[in-house]
Amino acid sequence: MLRVENLATPGLQPCSFRVGRGECVVVQGPSGAGKTVLMRALADLDPSQGEIYLLDVARTAMTGPQWRRKVGYVPAEPGWWGEVIADHFPDQARAVAVAQELGLSESVFDRAVNQASTGERLRLALVRALLTDPLVLLLDEPTAALDPESTQKTEALIAARIRQGLSVLWTTHDRAQATRMASRILTVESGLVSDGRAA
Amino acid sequence: MENGYIALGAGDLAVGAALIALDAGLSLYLRLGLERQILVAGVRMAVQLGIMGMVLTSLFSHVSPLFTGLAAMAMIGFAGMEVAGRQDKPLSGVWNWGVGIGSMTLSATLVTALALTTALKPDPWYAPHYAIPLLGMILGNTMTGVALGLNVLTSGAVAGRGAIEAQLMLGAPRFQALAPLVRKSLRTALMPIINTMAATGVVSLPGMMTGQILGGVPPEEAVKYQILILSLVAGAIGIGAIAAVLIAAWRLTDHRHRLRLDRLKR
């Protein structure tokens, strides 16, 4: 699905790896090692050298927006540009359906952004990213601020999407979660990405 | 009262200078830390206007499109440097003053040329008596609008990076992601001239009109000039601010529709 060749940025040494269709690659490494730098480079949010192919189509053959609709990215601290949560969802009926799978109520959409909790916002950002129907999803600590029940629902939702063919890169510091989710592990240390063995 | 105005002597200016010295004294007494800035600005005002007076005298005695043009370019250059100096998060490299100079060259020359070819029609059209003061008034106000607009845009891009990139991550093109910030920048740029137009004649008597009245022009005539000037200024600020903010927004993003805060000075 995703083929990375000599991808490099100022904070990332050249790295090459592949992510297969319906594969969940867990990215591990200490804080500040370059996990977020890697995710941002994959989403083409920062300038980088090297090439990335999605289904054998080079990143440079698509515009930035086309690429990011297919390679979705949910950062650890998602941003919000509107006043109310609903402003961020053009198709609210679809959004509500996905949100309910994550244990969110429909009323959360009518709330001001700053009145939603960190955990709610984190799950809503995941919903927002899923609605563009990405082929690859980059998740940066998607459950770090969630209670165990919401974490379990999030894992279940992503696992279901993976079974439907979604490819996922998932960073986490939680070893148990890595074991539950990973089909493979990448480690990032001081900007060096090592392709791991099967988990 | 020859020529219908009261000429000022050195003693008259000393009265004014004493008031600036009073400001500096207050700053010293109240420990505002502004005395140096007040004195430097006061001296700059006097020296710069003195030079301007000499330049205008010499320009008026040789009516030449070349000299008028050179004076206009110098004024736009200084305005560009002034805009650059007012930025909290300036663009790096030549872009900092380039954006201001480019946008003000466009708007100020366009609007000045419009006024000189339609409303005023001096003979010749480049007569410095008209072109230079007109450009000065337009440029002075456009400079404020452009500086404010650029400052809101660049500071807002830094503060609102998360919100802008959130849109980019979902596949929004760069100008869509920046649209709320661009609107806010333009609103800020236009607010001073809107307030000026709203308050003028009720609260404030504009400097140019006051000057004409002190120079013996009948008030109704001075009022017509003032309305024209404020309209020109409003037009120039609109054009200048839109050009500056759009160029800067374009520079703050790249062809891959990424937000490039690395293009701001560190």
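In the text below, chain A, chain B and the rest are named by the order of the sequence lines, each starting its count at 1.
- A:Phe109 pairs by the ring-ring contact (aromatic ring centres under 6.0 Å, His included) definition with A:Phe89, not counting sequence neighbours.
- Scanning for side-chain contact (heavy atoms from CB on, under 4.5 Å) contacts around A:Val19 gives A:Leu2, A:Phe17, A:Glu23, A:Val25, A:Ser167, A:Leu169, with sequence neighbours left out.
- Residue-environment remark: CD (A:Glu106) stays at or below the threshold of 12 foreign heavy atoms within 6.0 Å.
- More than 12 heavy atoms of other shown residues, nucleotides or ligands fall within 6.0 angstrom of atom CZ in A:Arg180.
- Here the side chains of A:Pro78 and B:Met169 are not in contact, with every heavy-atom distance at 4.5 Å or above.
- Both the backbone and the side chain of A:Pro47 come within less than 4.5 Å of a heavy atom in chain B.
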Cross-interface N/O pairs, chain A with chain B, donor-acceptor, under 3.5 angstrom:
unit_1  : atom_1 : unit_2   : atom_2 : d
A:Arg40 : NH1    : B:Glu165 : OE1    : 2.7
A:Arg40 : NH2    : B:Glu165 : OE1    : 3.3
A:Arg40 : NH2    : B:Glu165 : OE2    : 2.8
A:Asp44 : OD1    : B:Arg258 : NH1    : 2.4
A:Asp44 : OD2    : B:Arg256 : NE     : 2.8
A:Asp44 : OD2    : B:Arg256 : NH2    : 3.0
A:Arg59 : O      : B:Arg256 : NH2    : 3.0
A:Met62 : O      : B:Arg256 : NH1    : 2.5
A:Met62 : O      : B:Arg256 : NH2    : 3.3
A:Arg68 : NH1    : B:His257 : O      : 3.1
A:Arg68 : NH2    : B:Arg256 : O      : 2.5
A:Arg68 : NH2    : B:His257 : O      : 3.4
A:Arg69 : NH1    : B:Gly171 : O      : 2.7

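- B:Met197 meets the side-chain contact (heavy atoms from CB on, under 4.5 Å) test with B:Ile193, B:Ala234; sequence neighbours excluded.
- Residues A:Pro65 and B:Pro173 come closest through the heavy atom pair CG-CA, 4.0 Å.
- At most 12 heavy atoms of other shown residues, nucleotides or ligands fall within 6.0 angstrom of atom CZ in B:Phe78.
- Residue A:Gly79 comes nearest to B:Ala166 through the heavy atom pair O-CB, 3.2 Å, listed as atom of the first residue, atom of the second, then distance.
- Within 6.0 Å of CE in A:Met62 there are more than 12 heavy atoms belonging to other residues, nucleotides or ligands.
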